[in-house]
Visitor: 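This is the structure I have questions about; it appears just below.
So you know, we letter chains A, B, ... as the sequences are listed, proteins then strands, and number each from 1.
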Amino acid sequence: MPRKSWPPSKLPMPRTILPREFYVETPDLVAQKLLGKLLVRPKEGKEARIIEVEAYFGQNDPASHSAAGKTARNAVLFGPPGHAYVYFIYGMYYCLNVSCEPDGQPGGVLFRGVEGASGPGRLCKAFGITRERDNDVDFTSRKSSLQILDDGFVPDDIVVTPRIGISKDKDRLARYLLPHRK
DNA sequence: GGAGCGATGTCCT
DNA sequence: GGACATCGCTCCG
């Protein structure tokens, strides 16, 4: 019988900003670790739990924006880990990622959903995220306008499926989500 | 409820 | 010029 993940006890757990080291790993590992963490806009009092993500690898991943090499648009993916990569898509939506892997190596995780906003475009709309405002923001800084916090939540289960909306490498299992709560 | 499709800007071949 | 890591609106059953 599965138990509720939180609270495991009555004791509150301090909220901490995820450090740079959290992101110095392959995108699939970072993606899974991000599930259950909190996406926060501190100044605007917006926050929501991350419930759906996708991993995009730097190499050997034709579906990734970094597959064709570094350009002005995707430069953040090649930079230091823990930074926001925001791109504009389909003429009307933004999508939010976080860079992974050591500085110089491409790779990232796409945020596909938080509680209350399902879908990468709607997530960005809910948080007011745009490329102009938020591209290259450092998620790990106390001063940043976007942060990712750990409040101690630990998921019971992680569901793995192929990624959504791509045309290449459709079968790769790189989408991770938390099962719907009862 | 599910398939189909138009909107619409930017990037890269 | 075509593709695109999307969404919401039609239409059809």
Visitor: A:Asn74 and A:Gly69: which non-hydrogen atoms are nearest, and at how many Å?
Guide: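 A:Asn74 and A:Gly69 have their closest heavy atoms at ND2-O, 2.9 Å.
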
Visitor: Using whole Å, what does the distance between atom C1' of nucleotide B:dG9 and atom CD of A:Glu132 come to?
Guide: 11 Å

Visitor: Expressed as a whole number of angstroms, how long is the span from A:Phe57:CZ to C:dA5:P?
Guide: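 Going from A:Phe57 (CZ) to C:dA5 (P), I get 16 Å.
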
Visitor: Just how far, in rounded Å, is P of C:dT6 from CZ of A:Arg163?
Guide: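 Those two atoms, CZ and P, are 11 Å apart.
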
Visitor: Are any non-hydrogen side-chain atoms of A:Leu110 and A:Tyr87 less than 4.5 angstrom apart?
Guide: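 They are in contact (side-chain heavy atoms under 4.5 Å apart), so the answer is yes.
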
Visitor: Report which part of the nucleic acid A:Ile166 touches: base, sugar-phosphate, or nothing (heavy-atom distance under 4.0 Å, all strands).
Guide: sugar-phosphate

Visitor: Select from A:Tyr93 and A:Thr71 the residue whose nearest nucleotide in DNA chain B is closer to the 5' end of that strand.
Guide: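 Taking each residue's closest nucleotide, the earlier one in sequence belongs to A:Tyr93.
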
Visitor: Which part of the nucleic acid, if any, lies within reach of A:Phe88 when heavy atoms closer than 4.0 Å are counted: base, sugar-phosphate only, or nothing?
Guide: sugar-phosphate

Visitor: Of the nucleotides C:dC4, C:dG8, C:dT6, which has the atom closest to the A:Ser167 side chain?
Guide: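 Of all the options, the side chain of A:Ser167 is nearest to C:dC4.
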
Visitor: Kindly point out which of C:dC4, B:dC11, C:dA5 is positioned nearest to the side chain of A:His65?
Guide: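 Ranking C:dC4, B:dC11, C:dA5 by closest atom to the A:His65 side chain puts C:dA5 first.
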
Visitor: Counting side-chain heavy atoms from CB outward, which of C:dG8, C:dA5, B:dT13 is closest to A:Ala68?
Guide: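 Nearest nucleotide to the side chain: B:dT13.
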
Visitor: Under a 3.5 Å distance rule, please check whether A:Ser64 uses its side chain to pair with a backbone N or O of A:Gly58 as donor and acceptor.
Guide: no

Visitor: Can you tell me the base-pairing partner of B:dG2? Count Watson-Crick or G-U wobble geometry only, both distances below 3.5 Å, and say none if there is no partner.
Guide: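 Answer to the pairing question: C:dC11, which forms a Watson-Crick or G-U pair with B:dG2.
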
Visitor: For A:Lys168 and A:Lys125, find the nucleotide of DNA chain C closest to each by heavy atoms; which residue's nucleotide sits nearer the 5' end?
Guide: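 Comparing both residues, the 5'-ward one is A:Lys168.
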
Visitor: May I have the distance from A:Arg112 (atom CZ) to C:dC7 (atom P), rounded to whole angstrom?
Guide: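 The answer, rounded to whole Å, is 6 Å.
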
Visitor: Identify the two heavy atoms, one from A:Arg73 and one from A:Tyr85, that lie closest to each other, and give their separation to 0.1 Å.
Guide: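 Scanning both residues, the minimum pair turns out to be O-CE1, 3.3 Å.
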
Visitor: Tell me: CE of A:Met92 to C1' of B:dC11, nearest whole Å?
Guide: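 These atoms are roughly 17 Å apart.
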
Visitor: Among the nucleotides B:dA7, B:dT13, C:dA5, which one has an atom lying closest to any side-chain atom of A:Ser64?
Guide: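 Nucleotide nearest to A:Ser64's side chain: C:dA5.
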
Visitor: Figure out the OH/P separation between A:Tyr94 and B:dT8, and round it to whole Å.
Guide: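 My rounded result for the distance is 15 Å.
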
Visitor: Of the non-hydrogen atoms in A:Leu178 and A:Ile50, which two are nearest, and what is the gap between them?
Guide: CD1-O, 4.0 Å

Visitor: Please pick, from C:dC7, B:dC11, C:dC4, the nucleotide with the shortest atom-to-atom distance to any side-chain atom of A:Arg73.
Guide: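 Given the options C:dC7, B:dC11, C:dC4, the side chain of A:Arg73 is closest to B:dC11.
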
Visitor: Counting distance alone, no hydrogens or angles: does the base of C:dA5 have a donor or acceptor under 3.5 Å from a partner atom on the side chain of A:Tyr87?
Guide: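 Looking at the base of C:dA5, it does pair with a donor or acceptor on the side chain of A:Tyr87 (distance under 3.5 Å).
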
Visitor: Between A:Tyr90 and A:Arg131, which residue's closest nucleotide on DNA chain B lies nearer the 5′ terminus?
Guide: A:Tyr90

Visitor: Who does B:dT8 pair with, Watson-Crick or G-U, both distances under 3.5 Å?
Guide: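 No nucleotide pairs with B:dT8.
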
Visitor: Salt bridge (Lys or Arg N to Asp or Glu O under 4.0 Å) between A:Lys143 and A:Asp138: does it pass, once the steps are laid out?
Guide: CA-CA 9 Å; A:Lys143 297 175 297 191; A:Asp138 184 356; over 6 Å; no

Visitor: Starting at atom CG of A:Leu123, determine the distance to atom C1' of C:dC7, rounded to an integer number of angstrom.
Guide: 14 Å

Visitor: Could you please name the option among C:dC7, C:dA5, B:dT8 that lies closest to any side-chain atom of A:Arg122?
Guide: C:dC7

Visitor: In whole angstroms, how far is the C1' atom of C:dC4 from the NZ atom of A:Lys170?
Guide: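 So the NZ-C1' distance, A:Lys170 to C:dC4, works out to 13 Å.
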
